[in-house]
> 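Here's a structure for you.
We name chains A, B, ... by the order of the sequence lines, and we start the count at 1 in each one. Side chains included, hydrogens not; waters and symmetry mates left out as well; all remaining heavy atoms used.
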2 protein chains.
Amino acid sequence: MGSLTEENYIKSIYALSQSTGEVYVSELAKKLDVKLPSVNSMMKRLAIKKLVAYAPYKGIKLTEKGKKEALAIIRKHRLAELFLVKVMGLGWEEVHDIAEQLEHVNSPRFYERIDELLNSPKFDPHGEPIPDSNGKIHTQQRTSLIDLAEGLTATITAVTEDEKSFLDHLNAKGLQIGDAVTIMKREMFDGSITLQHKSKKEILLTHQVAERIWVEL
Amino acid sequence: MGSLTEENYIKSIYALSQSTGEVYVSELAKKLDVKLPSVNSMMKRLAIKKLVAYAPYKGIKLTEKGKKEALAIIRKHRLAELFLVKVMGLGWEEVHDIAEQLEHVNSPRFYERIDELLNSPKFDPHGEPIPDSNGKIHTQQRTSLIDLAEGLTATITAVTEDEKSFLDHLNAKGLQIGDAVTIMKREMFDGSITLQHKSKKEILLTHQVAERIWVEL
DNA sequence: ATAAAATGTTAGATGCCTCTAATATTTTAA
DNA sequence: TTAAAATATTAGAGGCATCTAACATTTTAT
Ligand SMILES: [Mn+2]
Ligand SMILES: [Mn+2]
Ligand SMILES: [Mn+2]
Ligand SMILES: [Mn+2]
């Protein structure tokens, strides 16, 4: 267990290296809102602690140890979010910022109880998978709503989570995880799409919104 | 809202200055397990921030602003403890250490929900009063079990909280907040006392234990 | 192939929080 | 009332996490 700062670096490295397996100093600096030399000096420290593999001018990779720590933090974040929604009655749009703090709480007992109360849940309120206590995570391949052909029907399985304004927007449109939607129209001009929803209403989503919604056929 | 370190100093100053209104550098250093110069340099910083009144070689006092901040942290600590017991089903002996972390969570919403779920509670699991959201606290004068005469019956209202081993000991003896006890015998030799308890059993407590139990007649 | 642009690193500084060693003040006791 | 003991402060340093300015490397475009 490193410092709060260290944990946030590890978590960001994990997130940004998901696709390619590595992340660049500049990407990390942007994500964490710090300058390049800050990332640089932290990488040196994390390398000494064997949490990242880092050679000057090359991409940054998490070691196995680093990955394990990342997944432990992600587990705590997502368990906390679900707990805040299911047990404490908060909205899915307001839990991320609180979970950003709770994920750093060091108490196996606290998280064990949350896990028990929620019955070892598999997904957080935004549809993200929760790593198990051994760090095993069920990474599903995901299709964006924006990639579905007209006429197809699919179920919303997850959404991009960490922007409150985006989730507020979905709340206003009445969209939730688990909802079935049918693509009625895809506009060529601006990339927006029109959905048929269980509420019987037609819903129009801009490209910007639709691309952040993940579905399963 | 200052740093975590600052908050811990403020909280300790509040606790240690309860009786006399002030606290000495050496007392604080002992409580926080740091050396004297650390306290010294922190006092300078807190004085600049108008959280303490501090003149070299004199006692340390919290300003009104400092008291307000202390009470806000104590409120969060005690709400968290009660939440952990009542909602999450943890034991009163295991919640203090978790609350030490949760008290630093910055989220009015989180604590508002806890307060709602618990119905604006007045006391924490150890019988300590919970300051209200304006920082108003109901400080009761307290009698120690050790000061009761033989034959008297009283109700346990609070216990010293932050040592797990002490609460484990009370659990083993079957004593809880709210229990009525009658003083059967006070031993002159070692200061121990024998209680009659609702469990019908007689309970023997050493001086060291009895002095940490607060009662009301 | 070279120059320009983008990206990354090093040097050196700052604030926070801590420490040890040296010094100063206050309290207590001879 | 002076010496000793206890308590408090200052000086100076180190680790963590950040910054700006200067320099180095890699990528891209002419
Ligand atoms: Mn989140
Ligand atoms: Mn989430
Ligand atoms: Mn406590
Ligand atoms: Mn308590």
> Within the 4.0 Å heavy-atom criterion, would you say B/Thr5 contacts the bases, only the backbone, or no part of the nucleic acid?
sugar-phosphate
> Considering only C/dT9, C/dC16, C/dT25, which nucleotide approaches the side chain of A/Tyr57 most closely?
C/dT9
> Rounded to the nearest 0.5 Å, what's the gap from CD1 on A/Ile114 to CZ on A/Arg109? Could you check?
11.5 Å
> Tell me, do A/Leu79 and A/Asp124 make a side-chain contact under 4.5 Å, heavy atoms counted?
no
> What is the distance, to the nearest angstrom, from the CG atom on B/Asn40 to the C1' atom on C/dT23?
13 Å
> Between residues 7-33 of chain B and DNA chain D, which residues have a heavy-atom gap below 4.0 Å?
B/Tyr24, B/Val25, B/Ser26
> Starting from P on C/dC16, measure out to CD on B/Glu6 and report it in whole angstrom.
9 Å
> Earliest and latest nucleotide of DNA chain D, 5' to 3', sitting under 4.0 Å from a non-hydrogen atom of chain A?
D/dC16 to D/dT25
> Find out whether A/Met42 and A/Thr5 are in side-chain contact, i.e. whether some heavy atom of one side chain is under 4.5 Å from a heavy atom of the other.
yes
> Measure CG/B/Leu36 against C1'/C/dT25 and give the value in whole Å, please.
14 Å
> Between C/dC17 and B/Ser38, is there an OP1 or OP2 to side-chain N/O distance shorter than 4.0 Å?
no
> Any luck finding a side-chain donor-acceptor pair between A/Asn106 and A/Tyr111 under 3.5 Å?
no
> In plain terms, say whether B/Asp132 and B/Arg75 are close enough for a salt bridge, that is, a side-chain N and a carboxylate O under 4.0 Å apart.
no
> Taking the six-membered ring for Trp, are A/His96 and A/His126 closer than 6.0 Å centroid to centroid?
no
> Between A/Lys50 and A/Glu64 (salt bridge meaning N to carboxylate O under 4.0 Å), is one present in this structure?
no
> Which residue lies toward the 5' end of DNA chain C, B/Lys49 or B/Pro37, if each is placed at its nearest nucleotide?
B/Lys49
> May I ask you to say whether B/Glu103 pairs ionically with B/Arg78, meaning some side-chain N is under 4.0 Å from a carboxylate O?
no
> Could you say whether A/Arg45 or A/Pro56 is positioned toward the 5' end of DNA chain D, judged by the nucleotide with the nearest heavy atom to each?
A/Arg45
> Just call it for A/Ser41: base, sugar-phosphate, or nothing, with non-hydrogen atoms closer than 4.0 Å on any strand.
base
> What is the separation between atom CE on B/Met42 and atom C1' on C/dC19, rounded to the nearest whole Å?
14 Å
> If only atom types and distance count, is the side chain of A/Lys49 paired as donor or acceptor with the main-chain N or O of A/Gly2 below 3.5 Å?
no
> Report the distance from atom NZ of A/Lys35 to atom P of C/dA6, rounded to the nearest whole Å.
16 Å
